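Numbers for residues simply follow the sequence, beginning at 1. Predicted, not measured: the structure shown is a model, and the values here were computed from it. Just follow the structure's listing: the first ligand is 1, and inside any ligand the first atom is 1.
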Amino acid sequence: MAAPGTKSRLFRCVKSILYALLFITISILTIATLRTFSLNVNVGLQLADWEKTNQIRFDISQRQREEVFTNFKEAIRIPTVSYSPTDINATALHEFSRLLRKAFPTVFSSSLVQHEVVADYSHLFTVQGSQPDLVPYMLLAHIDVVPASESDGWDAPPFSAKEIDNFIYGRGTLDDKECVMGILQALEYLLLKGYRPQRGFYIGLGHDEEVSGLNGALNIVRLLKQRNVHLSFLLDEGLLVVDGVMKGLDGPAALIGVSEKGSATVKLSVTSAPGHSSMPPRESSIGILAAAVKRLEDNPMPMLFGQGPERGTFEHLAHKFIFPIRFLASNLWLFAPIVGRLLALKPETNAFSRTTTAVTMFNAGVKVNVLPSVAEAYVNFRIHSAQSLQEVLDLVDSTVGDQRVKVEVVDGFDPLPVSSYSETSYGFQIIKKSILDVFPQLTVAPGICVANTDSRHFKDLVADIYRFIPIWAKAGDAQRIHGINERISKKNYEDIVGFYFTLIQNCDVKELPETHSGVHEF
Ligand SMILES: CCCCCCCC/C=C\CCCCCCCC(=O)N[C@@H](CC(N)=O)C(=O)O
Ligand SMILES: [Zn+2]
Ligand SMILES: [Zn+2]
């Protein structure tokens, strides 16, 4: 039996531990609560004293407004579909080149603009700046589109550019002809209004982005490398404005993609002896392959939420979330695993949390009474920023774990580097300022592009690559990209032209101003 002194020492010891735990919990909750109410990283340069460069207002006449929509609709009606790297629509691409010349006569005749056709159907515009010491920047877009078939359930034929309730319907209205036509339309009107850029810039229009850009974008890169071109930053398609896309986020937000996920396509195949279906083996090639595919689906890649640029998205938007999401998002140091698990519940947001696994093709068999000699499946992974291609391939091997299943890598690349998005990052801040000049109601945040873009081919040429178009996406709109009823509102398209009109002028800013907080410190 323990002595009474030992008992009370034990009691005091337990009491001290409980007090210590209570103190730690209260401290953590106090820090978390303070961060919840003070974390607002969306301030800074907006209050600073910017050099005034955007003097020309985007005021267009009614006739010009009609011209803007006529040009855009003509672009949508040309079926520049890419099926595979060797199956593109050359006739449509030629027709598109003719449309560009017709729609933008000032761009094509200006002595400030040099135009080159690259790899037969892609385009490179070099716009000369009056101050050669300013490092040029680049705007990128693509002309080609993915296939579309009206019978999938479109409300209008996908190459009709039909107007329904002030929306223009058609393949390419979001991906990516609004960007191609928006950039050139803005430049056309700027030149017409007598604008002469101080900082030079390039406009690249690829013709095979939807099938990897190995002819268009890659040859534009080769040309710029040969010419020893240095770029300050590059802006391509990728992310957009989300308005009601994510539950709990109060108000619309513009997400600028500061990186994009890596990718891997893996072919799995199983071969077995063909023969009569009346004498089947215990396991067929199809059964073995299906089990391997199921293992990949049942064992998703590890949860990595918070270890890539998606952390910046939630930290920047934390103050715009409703309670209790605001509490969680303001304290990812503590709650990242919980937030990651919540995001994993929906496909659009699961893509932020991990490398995704998509089984996209499955082929086997030729006849009902013939045992198939081969079964094959393709699995496409989009790799989280905190994982490498090799790590994903190693996990695929161990998860498949069956010698009878041959695993071959069809293609793949690592996640792209993360571009800077600090207060001293020229490209990010100029894009952010241009967004807020046109859409003052938005909160701007960095983001990760979950799909891939032509900009990835430029990674050795320029460190700061951004992916953003001010497409206004409401709940369900993201599914229209590559899906049915792709459409854009007329107001949104006009604002996109206005955005590039503003951005081009803002890029004449020589250097970023001192931040507002910095000004007060001195
Ligand atoms: C607060 C968070 C809300 C998050 C919502 C995010 C919604 C994201 C929505 C849309 C992303 C759209 C991505 C568009 C880019 C498409 C580029 C593309 O299709 N690329 C192809 C071809 C290629 N270059 O490899 C691809 O397969 O990735
Ligand atoms: Zn695209
Ligand atoms: Zn696309």
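Among Val180, Ile481, Ile469, the one residue that satisfies the side chain to side chain contact (heavy atoms under 4.5 Å, CB included) test with Glu237 is Ile469. Exactly one residue among Gln307, Lys261, Glu310 makes a side chain to side chain donor-acceptor pair (under 3.5 Å) with His384. That residue is Glu310. If you run side chain to side chain donor-acceptor pair (under 3.5 Å) between His142 and each of Thr80, Asp208, Asp175, only Asp175 comes through.
For atom 8 (C) of ligand 1, the nearest non-hydrogen atom of the protein is Leu239 CD2, 4.3 Å. The nearest protein atom to atom 1 (C) of ligand 1, hydrogens excluded, is given as Met246 SD, 3.3 Å; this is a heavy-atom distance. With respect to atom 16 (C) of ligand 1, the closest heavy atom belonging to the protein is Ala451 CB, 4.0 Å. Looking from atom 7 (C) of ligand 1 to the surrounding protein, the closest heavy atom is Val242 CG1, 4.5 Å.
The heavy atom nearest to atom 11 (C) of ligand 1, out of those in Gly213, Cys449, Gly238, is found in Gly238. For atom 26 (C) of ligand 1, the choice among Glu210, Glu209, Arg382 with the nearest heavy atom turns out to be Arg382.
A cation-pi arrangement is present between Arg487 and Phe167 under the rule of less than 6.0 angstrom and at most 45 degrees off the ring axis. Taking the ring centre of Phe69 as origin, the terminal cationic atom of Lys490 falls inside the region bounded by 6.0 Å and 45° from the ring axis.
The NE2 atom of His142 and the OE2 atom of Glu237 subtend an angle of 90° at the Zn ion (ligand 2), given to the nearest 10 degrees.
At a 3.5 angstrom cut-off on N or O pairs, Asn452 counts as close to ligand 1.
Atom NZ of Lys225 is surrounded by more than 12 heavy atoms from other residues, nucleotides or ligands within 6.0 Å.
Close approach of ligand 1 to His482 (heavy-atom distance below 4.0 Å) involves ligand atoms 19 (O).
Residue side and main chain included, Glu209 places no N/O/S atom under 2.8 Å of the Zn ion (ligand 2).
Counting just the N/O/S atoms of Glu210, the one with the shortest distance to the Zn ion (ligand 3) is named OE2. Looking at Asp175, its N, O or S atom nearest to the Zn ion (ligand 2) turns out to be OD1.
Taking the centre of each ring, Tyr137 and Tyr466 stay at or above the 6.0 Å mark. The six-membered or imidazole ring of His123 lies near that of His115, with a centre-to-centre distance under 6.0 Å. Between Phe335 and Phe327, the gap from one ring centroid to the other is short of 6.0 Å.
Using a 4.0 Å cut-off between heavy atoms, Ala478 contacts ligand 1 through its side chain alone, with no backbone atom that close. The part of Phe352 lying near ligand 1 is the side chain, judged by heavy-atom distances below 4.0 Å.
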